Amino acid sequence: VVNATVKALKPSYRDGVRSLQAIQSVKTNDLGEYRLFGLTPGSYFLSVAPIPSPSIQGGTLTTPSGGGFSIQPLQNILAAGNPIDPRALDNSTEPTIYAPETTDPAAAVAIDLKAGTSYRMPVLRTVRTRSFGVRGQFVDEAGKPAAVTMATLTRANSNEAVRTTLMAQNRDTFEFSGILPGVYELSATIQGGSGEKIGILTVNVGNENVENLRLVLCPVIQVSGRIQ
């Protein structure tokens, strides 16, 4: 797998729940090979994230391009007679794999690195699996549609965003595709105007699309004081 992102991860704990934080990251070469070096002795986890598959969200085609994404309206692509990558049409994706070979970070197994030694990882194989969509609307505290500029879907107990949508059009709705079953946190922010607002929602994805969600954005509360 070319240009996959390989990460060495360290565990951190919050309220007794483990999450994995990246310590070092590299890309695979044209042979699918990688090398992580300069790591201090200790226990590490390893993850492999293939380049994201193309996806269709809200009438636009999102395609990986360079270090980011190219977003094109489907209407323009079809009008020009340009082909659409079949991977965007089959409701599947290539998820992040954690050593030894699992898509669940909670099931990842640590690698123990000792001083003065090198470790050769077994071959990790990516998989293509069925995925689902998450859709809904942003509203303010009064229940009225709220326009945001960006929304992020993050797997629970992780600091890595699974999908980020730039809200260029239809800014009061959201749609994420290519999502695997699991627990996620959806967050969005409004800045400027009458002040900053933020909303966070826990999303449970099973074996079907999640529809008609409502993410309520409320004004940010500031706490100030003095300590002597």
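Quick caveat: nothing in here was measured; it's all calculated off a predicted structure.
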Indicate the atoms forming the closest heavy-atom contact of [X] with [Y], along with that distance.
{"X": "Arg214", "Y": "Gly143", "answer": "NH2-CA, 3.9 Å"}
{"X": "Ile111", "Y": "Leu46", "answer": "CD1-CB, 4.1 Å"}
{"X": "Pro83", "Y": "Ile77", "answer": "O-CG2, 4.2 Å"}
{"X": "Ile179", "Y": "Leu153", "answer": "CD1-CD2, 3.7 Å"}
{"X": "Glu101", "Y": "Val123", "answer": "OE2-O, 3.4 Å"}
{"X": "Pro54", "Y": "Thr63", "answer": "CB-OG1, 4.3 Å"}

same_hphob_cluster([X], [Y]) at 4.5 Å side-chain heavy-atom cutoff:
{"X": "Val139", "Y": "Val203", "value": "no"}
{"X": "Phe45", "Y": "Leu39", "value": "no"}
{"X": "Tyr98", "Y": "Val6", "value": "no"}
{"X": "Val1", "Y": "Leu180", "value": "no"}
{"X": "Tyr44", "Y": "Leu20", "value": "no"}

- Query: Hey, are Arg155 and Glu185 close enough for a salt bridge, meaning a charged N less than 4.0 Å from a carboxylate O?
  - Reply: no
Quick one: pull up [atom1] in [X] and [atom2] in [Y] and give me the separation to the nearest 0.5 Å.
{"X": "Ile51", "Y": "Thr126", "atom1": "CD1", "atom2": "OG1", "result": "11.5 Å"}
{"X": "Thr28", "Y": "Leu124", "atom1": "OG1", "atom2": "CG", "result": "11.5 Å"}
{"X": "Gln21", "Y": "Lys7", "atom1": "CD", "atom2": "NZ", "result": "10.0 Å"}
{"X": "Ser25", "Y": "Leu36", "atom1": "OG", "atom2": "CG", "result": "8.0 Å"}
{"X": "Leu74", "Y": "Ile84", "atom1": "CG", "atom2": "CD1", "result": "5.0 Å"}

- Thr102 (side chain) donor-acceptor with Ala108 (main chain) under 3.5 angstrom: no
- Item | Within 6.0 Å of CD in Gln75, more than 12 heavy atoms from elsewhere | no
- Message: Would you say that more than 12 heavy atoms from the other residues, nucleotides or ligands in this model lie under 6.0 Å from the CD of Glu208, or not?
- Response: no
- Query: Taking Arg135 as the fixed residue, which of Asn209, Leu213, Val210 is the one that meets the side chain to side chain contact (heavy atoms under 4.5 Å, CB included) rule?
  - Reply: Asn209
Determine whether the side chains of [X] and [Y] contain a donor N or O and an acceptor N or O closer than 3.5 Å.
{"X": "Gln137", "Y": "Thr173", "result": "no"}
{"X": "Thr5", "Y": "Lys27", "result": "yes"}
{"X": "Arg128", "Y": "Ser92", "result": "yes"}

- For residues 103-124, which residue pairs qualify under side-chain hydrogen bond (donor to acceptor under 3.5 Å, both in side chains), counting only residues two or more places apart or in two chains? Asp112-Lys114
- Task: Starting from the C-alpha separation in whole Å, work towards a yes-or-no answer on side-chain contact (heavy atoms from CB on, under 4.5 Å) for Val148 and Thr189.
- Result: CA-CA 6 Å; Val148 308; Thr189 303; over 6 Å; no
- Task: Give the C-alpha distance, both sets of side-chain angles, the deciding distance and a yes or no for ring-ring contact (aromatic ring centres under 6.0 Å, His included) between Phe174 and Phe138.
- Result: CA-CA 8 Å; Phe174 57 87; Phe138 304 112; 5.0 Å; yes
- Message: Leu217 vs Glu141, test: side-chain contact (heavy atoms from CB on, under 4.5 Å). Steps then yes/no.
- Response: CA-CA 6 Å; Leu217 290 99; Glu141 64 273 27; over 6 Å; no
- Full working for side-chain contact (heavy atoms from CB on, under 4.5 Å) between Val2 and Leu31: CA-CA 7 Å; Val2 179; Leu31 299 176; over 6 Å; no
- Item | Partner set under side chain to side chain donor-acceptor pair (under 3.5 Å) for Ser43, not counting sequence neighbours | none
- Task: Would you check, one step at a time, whether the test side chain to side chain donor-acceptor pair (under 3.5 Å) holds for Ser47 with Thr96?
- Result: CA-CA 7 Å; Ser47 70; Thr96 297; over 6 Å; no
